[in-house]
Number of protein chains: 2
Amino acid sequence: MNQSGMRDDHRPSPTDPPSLAERIRHEMDTFTPSEKRAAHLLLSHYPFAGLDTVAEFASRAGISAPSVLRFVTRLGFGGFPDFQRHLREELEAQLLSPLAKASPSDKGQGAPALASFAEAVIGNLRATVENIAPAEFEAVVALLSDPRRHIHFTGGRFTGALARYAESHFRIVRSHVDFIEGQPVLWRDRLIEIGRKDVIVAFDIRRYQEDVTALCETAAKQGATVVLLTDPWLSPIARVARHVLPAHIVAPSNWDSSAGLLLLTEALVAAVTKHLWDTAKPRMEAVERLRSGRS
Amino acid sequence: MNQSGMRDDHRPSPTDPPSLAERIRHEMDTFTPSEKRAAHLLLSHYPFAGLDTVAEFASRAGISAPSVLRFVTRLGFGGFPDFQRHLREELEAQLLSPLAKASPSDKGQGAPALASFAEAVIGNLRATVENIAPAEFEAVVALLSDPRRHIHFTGGRFTGALARYAESHFRIVRSHVDFIEGQPVLWRDRLIEIGRKDVIVAFDIRRYQEDVTALCETAAKQGATVVLLTDPWLSPIARVARHVLPAHIVAPSNWDSSAGLLLLTEALVAAVTKHLWDTAKPRMEAVERLRSGRS
DNA sequence: CGTGTTCTGAAATTTCTGATACAGCTTTTC
DNA sequence: GAAAAGCTGTATCAGAAATTTCAGAACACG
């Protein structure tokens, strides 16, 4: 959960955003005949008809282009592009937050809060899986399964914990695995010996951290392969990353959810373990012996 | 032999709605780096990102306009307007038939590993939520929202990362929060000053770690309140814990999944943040100021 | 370590869209 | 029933957007 500062403005406003369609319906009787034609077309195929060009819209409505322009101006928009932008935003907001309006303003009742939070997280996981290219995932698995590569995990303030989680598993499955601390001072010596044989796996979600970006850019410049786990808005690290695995992170909270990133991490661990099973199994057994023999 | 300009995909047959997104996902590995950037942007904000102008799309994807054009041409469209029209029609068709979205779940050979793993994890999350007593969850929220308490997070080899994750969030929301390292040597001095006012939040799943258990037992003996996040088989810490939140952890992997623990952690963070909002908000803002002013 | 191929972006070019001015037509009003 | 007011469409323009060109850069290959 990355801090997103002022997320309280994200809460549903007391007065729900009045759909443009609603307003048009309400003002219908004040329109001129041509405007009514435009309004009817728009409402009958709301809002897609409005996403066409002016010419197309005019033609479908049976009026002229200038009439369409006058129509949107009358609705208070600065121009046709302005009008279209509004339609897109409205559509996007409505389509992407099916759960936003479903959540009542309950005052912290235990089970409902937990249950609805869980549903949102589950939605994130589904969306995350949907948006991952199978080939991309497979490519990362292959990369992390290459015993000649050296793997370095790193992350930001919050995602650093995920990097640690990944590292603690991979460390057992294979060799040449380590974790790079967040402090830039601590990189310097590490960075020197990073080159073509190295893989940097970076975790970074919004409020992207400059030092993590700097680390990856330098590493990439030196020939290292960068794998990025991030949010759908893509950390700037994506510019230098060979592979990008985006996860959905928006949750009904003042914080973002890292569950999708964890899912990807665990899936990678599972896949690589399976891939390297012949060598991983003895390693895991050895670790087990060391632990039990220790006390 | 590749795309022949205008394929029949322009007129989708009623039987299969092959979302463009799906096709992109499957062809992802055949894309050039720039095309991958474009694809990632489009998929992450599907399909709205594609409804912008070429320039805007290019800018958001971090590539040049020609690369965007090459991308859509490569997908088989006659040009950007053609591409946009396709997106609009697909969106309209999907939105007008609510059942179309209902079953895009299995796409077979693509990423069975990732998809089935995700389904297993989702099942874990559901089971976890159902088995949590609302009152227990609420009690923990109340405990962690008490500003007079001192909160200490700790965990085992793998779960230690989750404890860190929790700590990094709670540290911002409230004061008197810290993380206790796994090394028993490092406890000694800390343990001295732990008493009735303290809360230990321990993460521990099977292959329960003796040192974590020892820490909690000692702390409990000194009057501290112990909260335990564990698996359904219950870590031995449960004997001294005031509150226990079990999470399902079994996944199709050689490793256990911590997703359920993360879910509980994030839900706790969300609930406590909401609970302490009046004091948490200024803290979050202050942290934000410090971060932005740092560079 | 060159060499050929592919990929990429800056800039020029072309296309097309949104916007405007103006004249004809319709409706309203006295 | 005539004049005024308002509405609408044609023709045209300005500007923005998509597209193409081309040269440099990155990359893979031998």
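Order of the sequence lines sets the chain letters (A, B, ...), proteins ahead of strands, with each chain counted from 1.
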Is T32(A) near enough to dG6(D) that one of its side-chain N or O atoms lies under 4.0 angstrom from OP1 or OP2?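 No, T32(A) has no side-chain N/O under 4.0 Å of OP1/OP2 on dG6(D).
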Taking the nucleotide of DNA chain D with the closest heavy atom to each, which residue, T53(B) or I63(A), is nearer the 5' end? I63(A)
What is the distance, to the nearest angstrom, from the [atom1] atom on [X] to the [atom2] atom on [N]?
X: L69(A); N: dT20(C); atom1: CG; atom2: P; answer: 7 Å
X: R196(A); N: dA28(D); atom1: CZ; atom2: P; answer: 9 Å
X: K36(A); N: dC7(D); atom1: NZ; atom2: P; answer: 12 Å
X: D82(B); N: dA18(D); atom1: CG; atom2: C1'; answer: 13 Å
X: R74(B); N: dC7(C); atom1: CZ; atom2: P; answer: 8 Å
X: F57(B); N: dA18(D); atom1: CZ; atom2: P; answer: 12 Å
X: F77(A); N: dG18(C); atom1: CZ; atom2: C1'; answer: 16 Å
X: D52(A); N: dC16(C); atom1: CG; atom2: C1'; answer: 15 Å

What about the rings of F153(A) and F170(A), do their centers lie closer together than 6.0 Å? yes
Would you please indicate yes or no on a ring centroid separation below 6.0 angstrom for H152(A) and F179(A)?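 No; H152(A) has its ring centre 6.0 Å or more from that of F179(A).
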Between W255(B) and H169(A), how do the two ring planes meet: parallel, tilted or perpendicular, split at 30° and 60°?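 Correct class here is perpendicular.
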In terms of ring plane angle, is the pair H150(A) and H176(A) parallel, tilted or perpendicular, where the classes change at 30° and 60°? parallel
If you only use heavy atoms from C-beta on, which nucleotide in [options] is closest to the side chain of [X]?
X: S34(B); options: dG9(C), dA18(D), dT10(D); result: dG9(C)
X: P81(A); options: dG9(D), dT19(D), dG18(C); result: dG18(C)
X: S67(A); options: dT19(D), dG9(D), dG9(C); result: dG9(D)
X: P66(A); options: dA11(D), dT8(D), dG9(C); result: dA11(D)

Given DNA chain C, 5'-ward residue of the pair R70(A) and A55(A), judged by closest heavy atom: A55(A)
5'-most contact on DNA chain C: P33(B) or A65(B), nearest heavy atom basis?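 Looking at the nearest nucleotide for each, P33(B) comes out on the 5' side.
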Test item: F31(B) and R37(B) side chains (from C-beta on) under 4.5 Å apart, heavy atoms: no
